[in-house]
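Working notes, beginning with the structure itself.
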Amino acid sequence: MSTTATAPAVNQVTLVGHICSDPVLRPIDEHRKVCDLRLAVNDQNGQPPLFIDVATFGAQAEACAKYLTKGWAVAVTGRIVYREWTAEDGTHRSKHSIVGRVQFGAKPGEPTPEVADVDDDDMVTI
């Protein structure tokens, strides 16, 4: 009998990009809030950006909604989530998005920091 060790599954992603539109803060229930962000990420020059939806919760959601605006550079560390639903027209829809922590980077018009330059002291924690 062979005992094969398997590596644990890891679901973690880090992205650096720019916010495509102003963040949207919305209530989940009477005690919790979520902030939805849309992030544009360019991984290669000359290629179109990837557009990725990001959600953050609690106090960090409120800070993102209060301070971030379209064009702001951010770093996001989190996990990929997948959801499926039926649209109003009856079609089946699905998407991947990120749930995680948002680290504020450069304001619009300032150069984007490199990932190595992102300082944990700037992280807004929940």
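Among all heavy-atom pairs drawn from Ala55 and Asp36, the shortest one is CB-OD1, 4.0 Å. The shortest heavy-atom contact between Ser94 and Tyr82 is CB-OH, 3.2 Å.
Looking at Glu62 and Leu25, their side chains come closer than 4.5 Å, going by heavy atoms from C-beta outward. In this structure, Val99 and Thr56 have side chains that are not in contact, with every pair of non-hydrogen atoms separated by 4.5 Å or more. Side-chain contact check for Phe57 versus Ile28: some heavy-atom pair is nearer than 4.5 Å. Between Phe104 and Cys64 the shortest side-chain heavy-atom distance falls below 4.5 Å.
At most 12 heavy atoms of other shown residues, nucleotides or ligands fall within 6.0 angstrom of atom CG in Asn45.
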Stepwise, does the side-chain contact (heavy atoms from CB on, under 4.5 Å) test hold for Ile98 with Ile52?
CA-CA 7 Å; Ile98 307 298; Ile52 301 164; 3.7 Å; yes
Could you walk me through whether Val74 and Ile19 pass the side-chain contact (heavy atoms from CB on, under 4.5 Å) check?
CA-CA 7 Å; Val74 296; Ile19 297 175; 3.9 Å; yes
Kindly indicate, with the supporting measurements, whether the criterion side-chain contact (heavy atoms from CB on, under 4.5 Å) is fulfilled by Leu37 and Val102.
CA-CA 10 Å; Leu37 309 166; Val102 177; 3.7 Å; yes
Would Val81 and His96 count as a side-chain contact (heavy atoms from CB on, under 4.5 Å) here? Give the steps.
CA-CA 6 Å; Val81 295; His96 287 89; over 6 Å; no
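In this structure, the salt bridge (Lys or Arg N to Asp or Glu O under 4.0 Å) partners of Lys95, at least two apart in sequence or on a different chain, are Asp53.
Among residues at least two apart or in separate chains, salt bridge (Lys or Arg N to Asp or Glu O under 4.0 Å) pairs with a member in residues 71-94 are Asp89-Arg93.
Annotation: the span from Leu39 atom CG to Trp72 atom CH2 amounts to 14.5 Å, rounded to 0.5 Å. A distance of 15.0 Å separates NZ in Lys33 from CD in Gln60, rounded to the nearest 0.5 Å.
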